[in-house]
**Student:** 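Here it is, the structure, as structure tokens.
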Number of protein chains: 2
Amino acid sequence: MESNVHKISCPDCRLSDLCLPYGLQKNEVQQLATIVKNKRPIHTDEYLYLQGDTCQNLYAVKSGSFRSFIADDNGSEQTIGFYLPGELMGLDALQHGRSTCSIVALETSTVCELPLSHLNELCSQIPSLQHQMMRILGKEISSDHDKIIMLGHRSAKEKMATFLLMLSRRYSGLGFSSTEFNLSMRRQDIANFLGLTVETVSRQFTELNKDGIITVKQRGIQINDITSLKAIVKPCMPDDQLSFIA
Amino acid sequence: MESNVHKISCPDCRLSDLCLPYGLQKNEVQQLATIVKNKRPIHTDEYLYLQGDTCQNLYAVKSGSFRSFIADDNGSEQTIGFYLPGELMGLDALQHGRSTCSIVALETSTVCELPLSHLNELCSQIPSLQHQMMRILGKEISSDHDKIIMLGHRSAKEKMATFLLMLSRRYSGLGFSSTEFNLSMRRQDIANFLGLTVETVSRQFTELNKDGIITVKQRGIQINDITSLKAIVKPCMPDDQLSFIA
DNA sequence: TCCTTCTATTGACATAGATCAAGGTATCAT
DNA sequence: ATGATACCTTGATCTATGTCAATAGAAGGA
């Protein structure tokens with residue numbers, strides 16, 4: 001990614017169709033851009049915010065990727081999701097103004113900061129912005145439902161296939177290859193996200209690799225036979241429900 | 001519940017503090033009430049709406065209870081949540097105007113219908129209503145996250161204890177007993193919700209009963225030792241994260 | 001009241017995935 | 001380069017929970 005991503009503003013941002021500006025008039029996007037604060041880059045393993053922080057902003061991923069997770073008293077974690085460019089973080093804090101999860105950068109990343117107070121004001125003025133906010137919130141909710149399905153009733157193999165297909169779909173939505181990409185998360189993160197152990201994730205990768213369905217080289221994934229991958233998931237899920245993670 | 005619940009309007013509704021009117025001025029509540037349509041009662045096993053239906057409304061539970069679930073190609077289901085009085089259904093349809101799940105009544109129940117078009121208009125006019133909508137959406141999202149935690153990293157016993165505590169908390173929020181209540185859902189629904197089998201749910205009930213922690217008589221639950229119940233969950237979850245289900 | 005059907009419990013057994021343990025490979029700082 | 005540390009893979013074993021099967025209890029209709 002270019003070194004200047006963090007200076008680009010909404011009207012010029014290549015992500016605008018995936019992000020908040022979608023469906024807005026040109027002048028409305030410019031209005032939105034005035035309330036967006038561009039932040040300095042966030043480095044690997046750096047936190048965007050911590051569980052329990054008061055949180056008066058939403059954050060859009062501009063480049064890179066993040067992991068969100070909830071920790072309990074014992075320090076054990078559950079990964080809630082992964083965020084790729086164009087996706088909105090901090091929606092859980094809408095309830096009380098306090099974040100219920102922590103968010104950490106998986107690689108050097110940039111975000112746009114959207115102060116909630118300004119955003120709410122703007123929503124009252126621009127109906128299509130409010131509409132887009134609702135759409136984004138609805139999407140977050142139905143994507144969470146997809147995760148619930150995955151965790152509740154899927155085998156390890158199905159979970160892995162679903163995970164890969166979902167990443168594939170999201171990367172392709174960003175204009176990247178849908179069959180070749182690098183994982184920005186560790187095996188441990190994937191395992192935790194899917195409710196499995198690292199060992200099981202590793203074994204599943206090995207098996208999918210042996211079967212020729214994918215080629216795994218560390219973080220590098222190549223999907224050789226997307227049909228087979230879909231077939232692993234298919235018996236369990238309508239095609240339009242693969243839109244999730246996040 | 002009184003036989004006339006479905007005629008009561010927002011300003012007189014005993015649920016108003018749990019529902020959309022929370023935080024609104026008296027005259028604002030009256031405005032809200034004008035867009036609410038009261039519907040005839042919905043009977044056991046009757047559907048409020050079906051997965052895939054175009055859905056231009058939100059629905060607030062007025063009395064009774066509902067189960068929401070997503071079905072896949074094979075007809076197998078995942079229960080997403082249970083809805084009690086004061087809770088808002090249909091939020092997942094905000095994304096595309098199509099519901100992503102089906103909702104079925106667990107007993108004879110009543111709902112208030114809120115046309116989204118009118119609601120959005122009203123949100124632009126009444127800032128505190130918009131604020132409350134955001135709060136409700138944020139709550140839905142963080143409650144979904146709690147479910148993800150539960151499904152991802154909990155044993156059968158922990159799931160059961162969490163389930164019971166959560167029901168207890170929600171009933172008490174409604175002004176009912178927190179230690180004695182009737183389940184409106186079948187064992188099968190609980191099992192499906194928790195990602196377990198009926199047999200496992202049944203065995204867990206039996207064990208908790210034997211240990212004297214609860215008394216189970218069919219659908220009737222009495223919590224005898226809420227401390228022990230919390231202790232089963234405690235090692236895994238901060239107290240303020242028990243707010244979920246829905 | 002009896003019969004049917006739906007729902008819940010209990011037991012015996014099988015298995016997917018966890019756990020434990022060891023070794024390999026990449027990454028990074030010195 | 002070299003060593004230290006984090007990350008990943010593989011194998012052997014154990015166990016919680018699923019599966020299959022049988023029984024028992026509720027609920028509802030004739």
Side-chain angles (χ1 to χ4, degrees), chain A residues 43-46 67 76-79 104-108 150-164 182-211 214-221 232 235-236, chain B residues 43-46 67 74 76-79 104 106-108 150-164 182-211 214-221 232 235-236:
Chain A
H43 297 287
T44 311
D45 291 334
E46 204 176 316
R67 175 173 78 94
S76 90
E77 297 178 359
Q78 165 74 45
T79 294
V104 65
L106 292 169
E107 58 196 304
T108 300
M150 184 172 63
L151 289 169
H153 286 276
R154 302 289 174 250
S155 68
K157 175 142 284 168
E158 285 163 359
K159 287 176 180 180
M160 286 298 292
T162 309
F163 176 73
L164 289 171
N182 282 298
L183 302 171
S184 57
M185 66 291 285
R186 300 167 308 163
R187 299 286 190 269
Q188 178 56 59
D189 299 327
I190 300 173
N192 191 287
F193 176 64
L194 298 175
L196 300 169
T197 57
V198 220
E199 291 93 331
T200 302
V201 168
S202 186
R203 279 186 252 269
Q204 292 302 331
F205 269 132
T206 306
E207 277 191 42
L208 288 170
N209 191 64
K210 267 185 196 153
D211 297 347
I214 63 173
T215 306
V216 194
K217 279 211 186 89
Q218 291 291 120
R219 303 282 182 98
I221 301 288
I232 294 172
C236 313
Chain B
H43 297 288
T44 311
D45 292 335
E46 204 177 315
R67 175 173 78 93
N74 307 318
S76 91
E77 298 178 0
Q78 166 75 44
T79 295
V104 65
L106 292 170
E107 58 196 305
T108 301
M150 184 171 65
L151 289 169
H153 285 275
R154 302 289 173 248
S155 69
K157 174 142 289 169
E158 285 163 357
K159 286 177 180 179
M160 286 298 292
T162 309
F163 176 73
L164 289 170
N182 282 297
L183 302 171
S184 57
M185 66 291 284
R186 300 167 308 162
R187 299 286 189 268
Q188 178 55 58
D189 299 327
I190 300 173
N192 191 286
F193 176 64
L194 297 175
L196 301 170
T197 58
V198 220
E199 291 92 331
T200 301
V201 168
S202 188
R203 279 186 253 269
Q204 292 301 331
F205 268 133
T206 307
E207 277 191 44
L208 288 169
N209 192 65
K210 266 183 195 153
D211 298 346
I214 64 173
T215 306
V216 194
K217 279 209 186 90
Q218 292 290 119
R219 303 282 182 100
I221 301 288
I232 294 172
C236 313

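What you see is a predicted model, and the numbers here were worked out from it, not measured in a lab. Just so we're on the same page: letters track the sequence lines, and every chain starts at 1.
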**Student:** To the side chain of T200(A), which of dC8(D), dG18(D), dA18(C) is closest?
**Tutor:** dA18(C)
**Student:** Provide a list of protein-nucleic acid N or O atom pairs under 3.5 angstrom, restricted to nucleotides 25-30 of chain C.
**Tutor:**
none

**Student:** Quick check: does any side chain N or O of D211(B) sit under 3.5 Å from a backbone N or O of L208(B), one acting as donor and the other as acceptor?
**Tutor:** no
**Student:** Distance criterion of 3.5 Å, no angle test: do you see the side chain of E199(B) paired donor-to-acceptor with the base of dC20(D)?
**Tutor:** yes
**Student:** Considering the terminal five base pairs at each end of the helix from dT1(C)-dA30(D) to dT30(C)-dA1(D), what angle separates the two local helix axes, rounded to 10°?
**Tutor:** 50°
**Student:** Examine the side chains of R67(B) and T79(B) and answer whether a donor and an acceptor come within less than 3.5 Å of each other.
**Tutor:** yes
**Student:** Select one nucleotide: of dA8(C), dG18(D), dC8(D), the one nearest the side-chain heavy atoms of R187(A).
**Tutor:** dC8(D)
**Student:** Without swapping roles, check the side chain of H153(A) against the backbone of N192(B) for a donor-acceptor pair under 3.5 Å.
**Tutor:** yes
**Student:** Among dC7(D), dT19(D), dA18(C), which nucleotide sits nearest the side chain of R219(A)?
**Tutor:** dC7(D)
**Student:** Nearest to the T206(A) side chain among dC8(D), dT9(D), dT17(D), which nucleotide is it?
**Tutor:** dT9(D)
**Student:** Does any N or O in the side chain of R186(A) come within less than 3.5 Å of the main-chain N or O of L106(A), such that one atom is a donor and the other an acceptor?
**Tutor:** no
**Student:** Would you say S202(A) reaches dC8(D)'s phosphate, i.e. side-chain N/O to OP1/OP2 under 4.0 Å?
**Tutor:** no
**Student:** Ignoring hydrogens and geometry, is there a side-chain-to-backbone donor-acceptor pair from T162(B) to E158(B) under 3.5 Å?
**Tutor:** yes
**Student:** Knowing that exactly one of V216(A), D189(A), I190(A) qualifies, which makes a side chain to side chain contact (heavy atoms under 4.5 Å, CB included) with L183(A)?
**Tutor:** I190(A)
**Student:** One pair to check against side-chain contact (heavy atoms from CB on, under 4.5 Å): T108(B) and T44(B). What are the steps and the verdict?
**Tutor:** CA-CA 5 Å; T108(B) 301; T44(B) 311; 4.2 Å; yes
**Student:** Measure distances between side-chain N and O atoms of R154(B) and base N and O atoms of dT17(D), and say whether any donor-acceptor pair falls under 3.5 Å.
**Tutor:** no
**Student:** Between T197(A) and F205(B), which is nearer to the 5' end of DNA chain C once each is assigned its nearest nucleotide?
**Tutor:** F205(B)
**Student:** From the list dA18(C), dG18(D), dC7(D), which nucleotide is the closest neighbour of the side chain of R186(A)?
**Tutor:** dC7(D)
